[in-house]
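Below is one structure, written out as structure tokens; comments come after it.
Computed over heavy atoms, backbone and side chain alike; hydrogens, waters and symmetry mates excluded.
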Amino acid sequence: MEGGGGGGQELSTDNVKGIVLALLSSGFIGASFIIKKKGLRRAAVASGIRAGVGGYSYLLEPLWWVGMITMIVGEVANFVAYAFAPAVLVTPLGALSIIVSAVLAHFILNERLHALGVLGCVMCIAGSVVIVIHAPQEQEITSVREIWNMAIQPAFLLYVASVIVVVFVLVFHFSPLYGQSNVLIYTAICSLMGSLSVMSVKALGTSLKLTFEGTNQLVYPETWFFVLIVATCVLTQMNYLNKALDTFNTAIVSPIYYVMFTTLTILASVIMFKDWSGQSLGSITSEICGLIVVLSGTILLHVTKDYERIPQSRSIYAPLSPSLTARLNGDLLKHVEDDRNPDEEKALRRQEMY
């Protein structure tokens, strides 16, 4: 297939496979957020030390591992999806994970989903449909070295260098100071690293696809370099995503992570793979509009959710930065009833004694 076809054309077989895999992936990943959150809560109760403040007791919690396995299944499906379809098509379909996460959080974690949240879900679906209709065809790639040449072009190297610098500043300066009070710190680290991991995942997935088709790509060092990048980025994402989930309400973390991750990934893909090259202005505009609708839907899901009290030495509510909160809510945050169970309360009181 040649890259860049116009929008509104019949979907190719590869694009259909990518769409189905992306939707399955989103379902598993959305459920994993909830399962892992329950596991993190149990681990905090048992040990008295939360993951958000450096605890790793969740590694001994079976429920957390169930959530991790569920996420791995979703990520594998996502991994394969990138081998068949372009990132500008696969990544926005992750909006389904936000819907799954928000709905399950409503029923399982008592994180209430209001009418505007439902509207946000509808917007996510509508925007995703627009993106699918106008998405470009996947480029035909015959060797991992073609992807390597894309990765070392000056524009993409500049993007990679910028991401590395920003991540280092966030990790070593802003995270110790503001990580426990500003949800954007942890999610920004996850999203920036995620944009690089998706590019490497796509490269690795394409390499494996070509290998299974009879053209061995494992003999090239570039393939193994992409494996190293994937491992590094995923481990970093997992660590900071655990911190974000344990510190803030799931319904806050999921949409913000999705918005930042999707935007940065599409930007990285457009720079590296030139996904929009050859597409008509109308198709590109439709994709951007669809993306804006999806992102707006996730923001609606965000601002209509209750804020969860974080278990620190004082009973406070996990805020966004004050200026962003004022713009989004236009009001002071409402204090809501804490949904922790009695065992959690006892554990938190033990923490306060120290």
Side-chain angles (χ1 to χ4, degrees), residues 29-30 33 36-37 40 50-54 91-92 94-95 97-98 101-102 105 111 117 120 124 159-160 162-198 233-268 291-292 294-312 316-334 336:
I29 292 174
F33 273 100
K36 288 174 69 178
K37 182 67 176 277
L40 288 168
R50 298 180 301 110
V53 293
T91 305
S97 68
I98 304 302
S101 179
E111 297 175 359
C124 288
Y159 176 81
V160 172
S162 302
V163 166
I164 292 173
V165 170
V166 173
V167 166
F168 266 82
V169 171
L170 288 173
V171 169
F172 294 107
H173 178 70
F174 288 100
S175 180
L177 295 176
Y178 308 111
Q180 293 293 304
S181 61
N182 192 320
V183 69
L184 297 178
I185 304 300
Y186 293 151
T187 51
I189 295 171
C190 291
S191 301
L192 287 163
M193 296 300 288
S195 68
L196 297 184
S197 70
V198 167
C233 292
V234 168
L235 288 174
T236 304
Q237 285 178 264
M238 183 178 70
N239 182 45
Y240 283 94
L241 183 58
N242 282 330
K243 290 178 181 292
L245 285 172
D246 189 59
T247 307
F248 303 97
N249 188 304
T250 305
I252 297 175
V253 174
S254 298
I256 293 179
Y257 178 42
Y258 173 76
V259 169
M260 298 177 71
F261 170 75
T262 300
T263 303
L264 290 168
T265 298
I266 290 178
L267 175 62
L291 177 62
I292 291 173
V294 171
L295 299 185
S296 300
T298 59
I299 291 173
L300 271 182
L301 280 167
H302 165 215
V303 300
T304 57
K305 297 299 291 183
D306 295 325
Y307 287 76
E308 179 182 12
R309 199 185 312 177
I310 59 175
Q312 294 179 339
I316 60 175
Y317 292 83
L320 292 169
S321 62
S323 59
L324 182 57
T325 300
R327 287 199 304 271
L328 295 179
N329 290 349
D331 201 331
L332 293 175
L333 295 177
K334 293 181 180 179
V336 296

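Using a 4.5 Å cut-off on side-chain heavy atoms (C-beta onward), Ile266 and Pro92 make contact. Contact annotation: the side chain of Val171 never approaches that of Thr236 to less than 4.5 Å [non-hydrogen atoms, C-beta and beyond]. Under the 4.5 Å side-chain criterion, counting only non-hydrogen atoms from C-beta, Val198 is in contact with Phe261.
From Lys36, atom NZ reaches atom CG of Asp246 across 11.0 Å, with rounding to the nearest 0.5 Å. Asn239 CG to Ile189 CD1: the interatomic distance, rounded to the nearest 0.5 Å, is 9.0 Å. If you take CG on Leu40 and OG1 on Thr247, they are separated by 9.5 Å, rounding to the nearest 0.5 Å.
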- Intermediate values then yes/no, side-chain contact (heavy atoms from CB on, under 4.5 Å), Val253 and Leu241: CA-CA 9 Å; Val253 174; Leu241 183 58; 4.1 Å; yes
- Task: Run the numbers on Tyr159 and Leu264 for side-chain contact (heavy atoms from CB on, under 4.5 Å), then give the verdict.
- Result: CA-CA 10 Å; Tyr159 176 81; Leu264 290 168; 3.8 Å; yes
- Walk me through it: do Thr262 and Val294 pass the test side-chain contact (heavy atoms from CB on, under 4.5 Å)? CA-CA 10 Å; Thr262 300; Val294 171; over 6 Å; no
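The closest donor-acceptor contact from the side chain of Ser197 to the backbone of Gly194 lies under 3.5 Å. A side-chain donor-acceptor contact under 3.5 Å links Asn242 to the backbone of Met238.
Taking both residues in full, the closest heavy atoms of Thr187 and Val183 are given as OG1-O, 2.7 Å, listed atom of the first, atom of the second, then distance. Residues Phe174 and Ile185 come closest through the heavy atom pair CB-CD1, 4.0 Å. Contact detail for Pro176 and Leu170: the closest heavy-atom pair is CD-O, 4.5 Å. The nearest pair of heavy atoms linking Phe33 to Leu245 is CD2-CD2, 3.5 Å.
Using bins of under 30°, 30° to 60° and over 60° for the plane-to-plane angle, the ring pair Tyr186/Tyr240 lands in the tilted bin.
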